[in-house]
There are 4 protein chains.
Amino acid sequence: MAPIIVDKEAKKEEIFLAAASVFAEKGFSGTRMEDVAVKANMGKGTVYEYFKSKDALFFGLYDYLLNEFHTKIYAVITPEQTPFEALSAIVSVTLRAFDEWHDYGFLLMDFWKEHRRGGGLQIEFSAVYDKSRDIISRLIDEGIEKGEFAHVDSRAAASAIIGILDGVMLQRVFDPDLYGKCDVETHIPALIFMGLKKR
Amino acid sequence: MAPIIVDKEAKKEEIFLAAASVFAEKGFSGTRMEDVAVKANMGKGTVYEYFKSKDALFFGLYDYLLNEFHTKIYAVITPEQTPFEALSAIVSVTLRAFDEWHDYGFLLMDFWKEHRRGGGLQIEFSAVYDKSRDIISRLIDEGIEKGEFAHVDSRAAASAIIGILDGVMLQRVFDPDLYGKCDVETHIPALIFMGLKKR
Amino acid sequence: MAPIIVDKEAKKEEIFLAAASVFAEKGFSGTRMEDVAVKANMGKGTVYEYFKSKDALFFGLYDYLLNEFHTKIYAVITPEQTPFEALSAIVSVTLRAFDEWHDYGFLLMDFWKEHRRGGGLQIEFSAVYDKSRDIISRLIDEGIEKGEFAHVDSRAAASAIIGILDGVMLQRVFDPDLYGKCDVETHIPALIFMGLKKR
Amino acid sequence: MAPIIVDKEAKKEEIFLAAASVFAEKGFSGTRMEDVAVKANMGKGTVYEYFKSKDALFFGLYDYLLNEFHTKIYAVITPEQTPFEALSAIVSVTLRAFDEWHDYGFLLMDFWKEHRRGGGLQIEFSAVYDKSRDIISRLIDEGIEKGEFAHVDSRAAASAIIGILDGVMLQRVFDPDLYGKCDVETHIPALIFMGLKKR
DNA sequence: CATGAATGAGCATTCATTCAT
DNA sequence: AATGAATGAATGCTCATTCAT
């Protein structure tokens with residue numbers, strides 16, 4: 001008669017936030033569903049009202065975060081930018097994003113690791129990387145066409161750039177002071193665009 | 001009665017080989033000590049004679065593999081090489097090593113992931129990266145001195161190079177066809193040394 | 001505001017019908033209160049308005065069904081019948097009733113099985129059997145008096161007859177083709193009345 | 001080197017005995033695996049060394065008990081007996097067996113009830129009844145041939161006899177005094193062989 | 001030394017029941 | 001009256017670790 005109106009999506013988001021925090025701290029297998037529930041200020045059972053299983057929560061979270069991440073990253077690209085400017089913006093915002101959420105690195109490691117355990121729930125990681133590679137390699141192709149970039153293999157270069165960004169993140173996970181030791185946000189793009197060799 | 005002489009080190013190596021195979025296939029938390037024992041053709045109890053715990057085995061394995069890996073990688077550096085040649089050799093042998101043992105990627109992911117869980121047993125990953133970074137950044141510094149390389153920040157560049165290599169490995173874990181799609185072993189070094197920008 | 005008038009008894013019956021169907025299909029412990037609620041087109045909470053607990057619903061259902069069953073069975077007895085005719089009618093209508101509702105067998109099994117779990121709610125099964133035994137043994141006694149039946153122990157014979165009927169039902173639960181294989185409705189009464197021995 | 005020798009079968013039997021006792025007392029769903037373990041004086045995990053799951057234990061127990069039961073029952077048949085004597089012996093030993101282990105009735109109810117829950121583990125009850133029906137109907141056929149029994153339908157009569165025995169057991173489960181109230185072991189066989197009708 | 005039987009802590013998940021609306 | 005969101009007790013099962021032989 002007067003059904004309790006609950007914003008299911010809002011509740012899911014609450015759980016996602018709690019889960020992100022706990023998974024990032026303890027890792028997937030180190031996290032108990034109760035930990036998530038406690039963090040989200042609800043009963044264990046309630047979490048299960050919104051997510052069928054621990055796996056569903058985990059990979060759902062991945063989806064959620066990736067979406068937010070991509071939205072954030074690719075919001076910086078505008079049509080007026082030159083390929084160089086667009087690429088610079090992507091690299092720079094990505095590095096800054098890692099900086100802002102250090103835990104994201106741990107989460108991502110877990111996603112990578114748990115990714116294998118069969119089942120149909122899991123995100124198609126390969127597709128995710130494909131998508132990123134597509135965007136970046138298209139910018140590179142455009143840059144080559146316009147004479148801005150050298151005649152590199154655009155897909156290999158895109159892989160390398162993503163590799164740099166992921167790899168830098170990994171290294172920062174294990175050595176948080178890396179940023180302190182050198183100005184990564186300046187030097188990494190420099191390397192990407194200029195290479196090591198003297199001209 | 002003559003005491004049975006057992007080569008403890010040889011036995012440990014047997015266990016390492018079995019463990020590497022099983023951990024790579026099933027991941028750390030998906031692997032049961034019994035799986036390792038079976039693979040190594042011995043009883044569960046025997047594994048515990050050589051390793052105090054699952055963690056000790058796992059991180060001991062990391063140590064073991066990393067040692068082998070580093071030995072292999074840095075064997076290619078010789079004093080006669082120019083910095084450019086040395087760096088090229090490292091990059092190239094690393095890419096080829098990933099190629100040879102695809103599972104290594106999964107193992108590495110697990111090491112990264114489990115790395116955190118307290119205790120004092122764990123390898124100091126940061127130190128590992130530091131060591132690699134040291135070797136590479138020294139080569140870069142040398143190259144700058146000799147006028148071979150541009151005036152980049154050598155530590156940032158080293159981070160970026162390691163990042164590229166780790167990152168490329170990660171991408172190949174999720175998309176094994178990457179090598180097929182483009183000649184990574186040619187293009188990645190090219191990007192590293194020449195950068196994207198046209199000269 | 002005019003209060004909504006709800007026919008409590010009608011609603012209870014709705015729930016009973018839904019419950020009978022679900023319990024028969026999934027068994028007592030396999031049935032969730034929500035299943036019943038869904039089948040009855042109402043909310044879980046509403047079921048609890050009418051039945052204090054799952055047990056109360058289950059044993060209430062037993063009462064309800066038994067009542068219907070008894071009403072049906074004993075409607076066939078009339079004062080004009082000879083004891084033989086009355087008994088024949090009971091046997092025959094019982095066998096036919098089992099035939100009509102195959103699921104009843106499963107329900108009954110569950111009632112038997114759950115019957116023990118303490119508490120004061122449960123139906124006194126013994127009393128139920130006593131009642132049936134009373135009716136049947138009285139008919140037998142009457143038959144003996146009138147010289148229609150042999151001098152058997154009427155209570156033992158009544159037990160045996162109920163036993164035959166319950167037992168036949170059980171066997172049909174596990175082998176639904178039993179009726180197909182032989183004409184139970186003819187042969188079972190024949191055995192009851194004539195026995196195995198040749199005269 | 002000196003492996004602990006454990007008689008796996010003996011251990012299984014220990015567990016069966018504990019399980020029979022606990023299942024009979026609390027029913028299948030009311031029994032926790034720990035209850036069985038405690039009763040058998042072992043740890044929970046140990047039970048799982050011998051039985052893959054609660055279901056496997058339960059239906060394994062059924063197999064075990066049924067085997068014992070059948071062995072006991074059909075041990076009383078000898079080639080020299082007339083069909084009447086053989087049948088009498090079966091009926092009588094069955095009734096006495098129920099008497100000796102009252103709990104068997106409860107266990108059987110549970111087996112009946114749980115029987116449905118799909119899966120491939122479960123005993124084919126139908127086959128069990130078929131087997132009993134075969135033995136008994138063959139004896140009846142033999143009796144008919146020899147002129148000992150009336151021309152009944154032997155399969156229907158066999159069903160009825162099994163029905164009587166199962167049914168009597170059920171009634172005794174709910175009214176343990178039934179035996180006290182009348183001499184079932186005399187009167188039930190009398191009814192089976194002579195029927196109700198006066199000759 | 002080697003073993004594998006025994007153990008029990010630990011955790012994902014289910015579901016009867018409650019109660020705010 | 002009716003609802004269904006929230007809850008947490010309860011339990012089957014796994015697996016690292018121990019230890020008697």
Side-chain angles (χ1 to χ4, degrees), chain A residues 1-8 11 29-38 40-57, chain B residues 1 3-6 8 11 29-38 41-57, chain C residues 3-6 8 11 29-38 41-57, chain D residues 1-8 11 29-37 40-57:
Chain A
M1 207 141 272
I4 302 167
I5 302 298
V6 174
D7 186 338
K8 288 250 180 189
K11 205 104 186 183
S29 55
T31 296
R32 288 169 306 130
M33 285 301 264
E34 186 158 22
D35 297 332
V36 175
V38 166
N41 289 314
M42 46 181 83
K44 242 180 315 174
T46 309
V47 176
Y48 279 92
E49 291 285 322
Y50 293 87
F51 298 93
K52 209 178 143 55
S53 67
K54 194 183 177 185
D55 270 25
L57 171 57
Chain B
M1 245 197 287
I4 301 163
I5 303 298
V6 175
K8 284 247 180 191
K11 205 106 185 181
S29 57
T31 295
R32 288 169 306 131
M33 285 301 263
E34 184 156 23
D35 298 332
V36 175
V38 166
N41 288 312
M42 50 181 82
K44 242 182 314 177
T46 310
V47 177
Y48 277 91
E49 291 287 324
Y50 295 87
F51 298 94
K52 204 181 143 57
S53 68
K54 195 183 178 186
D55 272 23
L57 170 60
Chain C
I4 300 162
I5 302 297
V6 175
K8 285 248 183 190
K11 205 107 185 180
S29 55
T31 296
R32 289 170 305 133
M33 286 300 265
E34 184 156 24
D35 297 331
V36 175
V38 166
N41 289 313
M42 50 181 80
K44 242 180 316 176
T46 312
V47 176
Y48 278 90
E49 290 287 324
Y50 293 89
F51 298 93
K52 201 180 145 56
S53 68
K54 194 184 179 185
D55 271 23
L57 170 60
Chain D
M1 205 143 278
I4 302 167
I5 302 298
V6 175
D7 187 339
K8 288 246 180 192
K11 205 103 186 185
S29 55
T31 296
R32 289 170 305 130
M33 286 302 263
E34 186 159 21
D35 297 333
V36 175
N41 289 312
M42 47 181 83
K44 241 181 317 174
T46 310
V47 176
Y48 279 93
E49 290 284 323
Y50 293 87
F51 298 94
K52 210 178 142 56
S53 68
K54 194 182 178 187
D55 270 25
L57 171 59

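In what follows, every chain begins at residue 1, and chains take the letters A, B, ... in the order their sequences are listed. Not measured: the values here are computed from a predicted model.
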S.K.: Y48(A) side chain N/O closer than 4.0 Å to the phosphate oxygens (OP1, OP2) of dT7(F)?
M.R.: no
S.K.: Supply the atom-to-atom distance E34(C) CD to K44(C) NZ, rounded to the nearest 0.5 angstrom.
M.R.: 4.5 Å
S.K.: Test your reading of the model: is there a side-chain donor-acceptor pair from K11(A) to the backbone of T46(A), 3.5 Å cut-off?
M.R.: no
S.K.: Would you indicate which nucleotide in dA5(F), dA2(E), dT17(E) comes nearest to any side-chain atom of Y50(B)?
M.R.: dA2(E)
S.K.: Please compare K54(D) and S29(B) by the position of their nearest nucleotide in DNA chain F and report the one closer to 5'.
M.R.: K54(D)
S.K.: Without decimals, in angstroms, what is the distance between R32(B) CZ and dT7(E) P?
M.R.: 19 Å
S.K.: If every non-hydrogen atom of D35(B) is compared with every non-hydrogen atom of G30(B), which pair is closest and at what distance?
M.R.: OD2-O, 4.2 Å
S.K.: Shortest non-hydrogen contact from K54(B) to T31(B)?
M.R.: NZ-O, 2.8 Å
S.K.: Of E34(A) and M42(B), whose nearest nucleotide on DNA chain E comes first from the 5' end?
M.R.: M42(B)
S.K.: When you measure from the side chain of T46(D), which nucleotide among dA2(E), dT7(E), dC15(E) comes out closest?
M.R.: dT7(E)
S.K.: Report the distance from atom CE of M33(A) to atom P of dT14(E), rounded to the nearest whole Å.
M.R.: 10 Å
S.K.: Rounded to whole angstroms, how far apart are CG on D55(D) and C1' on dC13(F)?
M.R.: 13 Å
S.K.: My understanding is that only residues two or more places apart in sequence, or in another chain, count here; which of them pass ring-ring contact (aromatic ring centres under 6.0 Å, His included) with Y48(A)?
M.R.: none
S.K.: Any side-chain N or O of K11(C) under 4.0 Å from OP1/OP2 of dA2(F)?
M.R.: yes
S.K.: Between K44(B) and dT3(E), does any side-chain N or O lie under 4.0 Å from OP1 or OP2?
M.R.: no
S.K.: With sugar-phosphate meaning primed atoms plus P, OP1 and OP2, does G43(C) contact a base, only sugar-phosphate, or nothing at under 4.0 Å between heavy atoms?
M.R.: sugar-phosphate
S.K.: Whole angstrom is fine here: how far is it from NZ in K52(B) over to C1' in dT17(F)?
M.R.: 10 Å
S.K.: Fill in the dot-bracket string of DNA chain F, one character per base: . for unpaired, | for a pair to another strand, ( ) or [ ] for pairs within the strand, taking Watson-Crick or G-U pairs under 3.5 Å.
M.R.: .||||||||||||||||||||
S.K.: For L57(C) and dC15(E), what is the distance between atoms CG and P respectively, to the nearest whole Å?
M.R.: 16 Å
S.K.: Could you tell me the separation between the OH atom of Y50(B) and the NZ atom of K8(B), rounded to the nearest 0.5 Å?
M.R.: 5.0 Å
S.K.: Toward the 5' end of DNA chain E, which comes first, E49(C) or E49(A), by nearest nucleotide?
M.R.: E49(A)
S.K.: Check the distance between dA12(E)'s P and F51(A)'s CZ and give it to me in whole angstrom.
M.R.: 16 Å
